[in-house]
Amino acid sequence: MKNYNQVYVKNSFEAADLYCKAFGAEITFEIKNDTGTAYEHCELSVNGEGFLALAEAVNPCDINIVHKMKWETMTFNVFEMGTKEAVNNAFNFLSDGGVVIHPIQSVSWNKYCATVIDKFGVCWWIAI
């Protein structure tokens with residue numbers, strides 16, 4: 001059995017590009033809508049393993065409220081990233097236009113981690 005998460009966002013093409021850059025992922029499967037302007041379904045993989053699926057949200061989420069309230073309804077945990085550089089890269093991409101909940105720090109359960117809500121309203125905990 002396998003499990004990975006799917007996010008529903010506005011501007012799904014831009015989100016896929018951001019997540020590929022942040023995590024070194026690649027698009028391994030995609031279905032675009034009839035007009036070719038958004039993803040009905042898109043799968044991202046890292047080193048050949050499924051990492052994240054995404055699709056265009058039908059109902060918009062007010063990102064300004066999410067950011068203002070620092071609203072976390074679910075957090076995607078990306079850990080064992082291997083290096084501080086990998087965490088820094090993801091942090092830089094995800095925090096651009098987003099909200100930093102916890103900057104890169106050391107905590108008792110991880111020596112190098114951060115929590116960020118990206119500009120699409122998706123919350124990420126990233127860690128070495």
Test side chain to side chain donor-acceptor pair (under 3.5 Å) applied to Tyr8 and Asn59, step by step: CA-CA 9 Å; Tyr8 294 88; Asn59 298 315; over 6 Å; no
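- Only one option out of Val78, Ile101, Thr115 pairs with Trp124 in a side chain to side chain contact (heavy atoms under 4.5 Å, CB included); it is Val78.
- Looking only at side-chain heavy atoms (C-beta outward), Glu14 and Phe120 come within less than 4.5 Å of each other.
- In this structure, Asn89 contributes its side chain and Lys21 its backbone to a donor-acceptor pair below 3.5 Å.
- Within 6.0 Å of OH on Tyr4 lie more than 12 heavy atoms contributed by other residues, nucleotides or ligands.
- Within 6.0 Å of the CG atom in Asp62, the count of heavy atoms belonging to other residues, nucleotides or ligands exceeds 12.
- Clustering ILVMFWY residues whenever any of their side-chain heavy atoms sit less than 4.5 angstrom apart, transitively, puts Val99 in the very cluster that holds Met69.
- To the nearest 0.5 angstrom, Leu94 atom CG is 12.0 Å from Phe76 atom CZ.
- Here the closest non-hydrogen pair linking Tyr19 and Val122 is OH-CG2, 3.5 Å.
- Between the side chain of Asn33 and the backbone N or O of Tyr39 there is no donor-acceptor pair closer than 3.5 Å.
- To the nearest 0.5 Å, atom SG of residue Cys42 and atom CZ of residue Phe13 are 8.5 Å apart.
- Cluster membership for Val116 and Met74, using ILVMFWY side-chain heavy atoms within less than 4.5 angstrom, is shared.
- Between Tyr112 and Thr83, every side-chain heavy-atom pair lies at or beyond the 4.5 Å cut-off.
- Within the 4.5 Å cutoff, the side chain of Phe23 has no heavy atoms near those of the Leu44 side chain.
- Hydrophobic clustering of Ile, Leu, Val, Met, Phe, Trp and Tyr side chains at less than 4.5 Å, counting indirect connections, keeps Ile63 apart from Val9.
- No more than 12 heavy atoms of other residues, nucleotides or ligands shown are found within 6.0 angstrom of CG on Asp96.
- Each of Val46, Ile126, Ile128 was checked for a side chain to side chain contact (heavy atoms under 4.5 Å, CB included) with Met81, and the lone residue meeting it is Ile126.
- Here the straight-line distance linking atom CZ of Phe91 with atom SG of Cys113 works out to 11.0 Å at 0.5 Å rounding.
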Enumerate, atom names and distances included, each donor-acceptor pair closer than 3.5 Å involving a side-chain atom of residues 48-58, sequence neighbours excluded.
from, atom 1, to, atom 2, distance (Å)
Glu56, OE1, Asn11, N, 3.4
Glu56, OE1, Ser12, N, 2.8
Glu56, OE1, Ser12, OG, 2.6
Glu56, OE2, Asn11, N, 3.0

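- Ile27 and Leu18 fall within the same hydrophobic cluster, where Ile, Leu, Val, Met, Phe, Trp and Tyr residues are linked whenever their side-chain heavy atoms come under 4.5 Å apart, directly or through other members.
- Of all non-hydrogen atoms in Ala127 and Val87, the two that sit nearest each other are C-CG2, 3.6 Å.
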